[in-house]
Amino acid sequence: MKIAVKEQLKCTENPKVGVVVAKDGKILSTGFRGEVPKKHAERVALEKLSMPDRIGSTVFTTLEPCVALQANQGVEPCADLIIESGVREVFVGVLDPNGTIYSQGFKKLLEHNISVKFFDRKLRDAVEQETFEYGVIEKIIGAGKRRVPVVGSGINIEVRFSENDPQTIDISWNNLQFSHGHVDLIGPNGAVKIAAGASKFSHISDPTVFRFPRHYARMEKGMIAIVRPEGSTFCVLFKLIDLFENDILIKWEVRKL
């Protein structure tokens, strides 16, 4: 597992993925995303081996193997390659937060009788921080931008002004309606306001001027909302950049009050 994380650290592009293939207690090959242009890390590592070496092996991958996103996809998904290679067991660092892929690789491997286990918690936390450009999606700090999944009952996110500030603002994204072009941003009661008229964070010199607080905002593409719970010493601005079938792309910024 640790060697897979070391391979991950060699990546220069996101998501960063490292892979190790082992058998009978020996490392047979390694790979990382970007080692071979346009090839995923699992494929890089497995294609270094002959078929007899692949059969019965164990794959350690820092990110859940991908699945087909569309029919007639040009490149064979990593989950399919693992299955066809006769791999016996797979250890996964983190599940893919892309809502279209989330748990699908995990599920497919299990359906083909491949044992799937996960890295220990400390390693998972390290992998999570390194894999994606903006770190853990359940906690955000300062300012940033990333794509997050909104599936099932939605996603809860803890917002902090800084690592050293213990105060938090808890929000959630829920009820994604891709066909209708909206998603709900939910915060504490009376803490959410729409920044009507603003299209950039720089347009908002004072986040407290906006009216009509509520507990949620129905967000459409391009909208900005402000979440400021009563008594909080900071607020967070969210902009919905884009919506997808199972995901949203958001930008955020925290402000001291």
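Note that the structure is a prediction, hence the values are computed from the model and not measured.
- For the pair Gln167 and Thr233, the tightest heavy-atom approach, listed with the atom from each and the gap, is NE2-OG1, 2.6 Å.
- Minimum interatomic distance between Ala79 and Leu109 (heavy atoms only, all atoms of both residues): O-CD2, 3.9 Å.
- Cys11 and Phe32 get closest at one heavy-atom pair: SG-CB, 3.9 Å.
- Side chain to side chain, Thr208 and Asp206 meet the donor-acceptor criterion of an N or O pair below 3.5 Å.
- In terms of heavy atoms, Ile141 sits closest to Ser162 at CG2-CA, 3.6 Å.
- Using a 4.5 Å cut-off between side-chain heavy atoms of Ile, Leu, Val, Met, Phe, Trp and Tyr, with links allowed through other members, Ile83 and Phe91 fall into the same hydrophobic cluster.
- By the 4.5 Å heavy-atom criterion applied to side chains, His40 and Glu76 are not counted as neighbours.
- The two residues Gly105 and Glu64 come nearest to each other via the heavy atoms N-OE2, 2.9 Å.
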side-chain contact (heavy atoms from CB on, under 4.5 Å) assessment of Leu95 paired with Phe118: CA-CA 9 Å; Leu95 296 174; Phe118 294 90; 3.8 Å; yes
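- How far OG of Ser57 is from CD1 of Ile27: 13.0 Å, rounded to the nearest 0.5 Å.
- Of the possible polar contacts, none joining the Ser29 side chain to the Leu46 backbone as a donor-acceptor pair under 3.5 Å is found.
- Partners of Lys251 by salt bridge (charged side-chain N to carboxylate O under 4.0 Å, His left out), not counting sequence neighbours: none found.
- Other residues, nucleotides and ligands contribute over 12 non-hydrogen atoms within 6.0 Å of the CG atom of Leu110.
- Judged by the 6.0 Å and 45° rule, Arg255 forms no cation-pi pair with Phe234.
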Derivation of the salt bridge (Lys or Arg N to Asp or Glu O under 4.0 Å) call for Arg147 and Asp247: CA-CA 7 Å; Arg147 186 167 170 167; Asp247 311 84; 3.6 Å; yes
Sequence neighbours left out, cut at 3.5 Å: what donor-acceptor pairs do the side chains of residues 178-188 make with other protein atoms?
{"residue": "Asp184", "atom": "OD1", "partner": "Arg218", "partner atom": "NE", "Å": "2.8"}
{"residue": "Asp184", "atom": "OD1", "partner": "Arg218", "partner atom": "NH2", "Å": "3.4"}
{"residue": "Asp184", "atom": "OD2", "partner": "Asn175", "partner atom": "ND2", "Å": "3.2"}
{"residue": "Asp184", "atom": "OD2", "partner": "Arg218", "partner atom": "NH2", "Å": "3.0"}

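- Within the 4.5 Å cutoff, the side chain of Phe119 has heavy atoms near those of the Val127 side chain.
- Ala195 and Ile204 make their closest contact through CB-CD1, 3.7 Å (heavy atoms, listed as atom of the first residue, atom of the second, distance).
- A cation-pi arrangement, defined by a distance under 6.0 Å to the six-membered ring centre and an angle within 45 degrees of its axis, is absent between Lys239 and Phe201.
- Here the side chains of Lys193 and Arg214 are not in contact, with every heavy-atom distance at 4.5 Å or above.
- Contact of the Ile114 side chain with the Ile82 side chain is registered, since non-hydrogen atoms from C-beta on lie closer than 4.5 Å.
- Interatomic distance, OG1 of Thr62 versus CE of Met1, reported as 12.5 Å (0.5 Å rounding).
- The aromatic rings of Trp173 and Phe238 stand perpendicular to each other, their planes meeting at an angle above 60°, with 30° marking the opposite boundary.
- A search for salt bridge (charged side-chain N to carboxylate O under 4.0 Å, His left out) contacts involving Arg228 returns nothing, not counting sequence neighbours.
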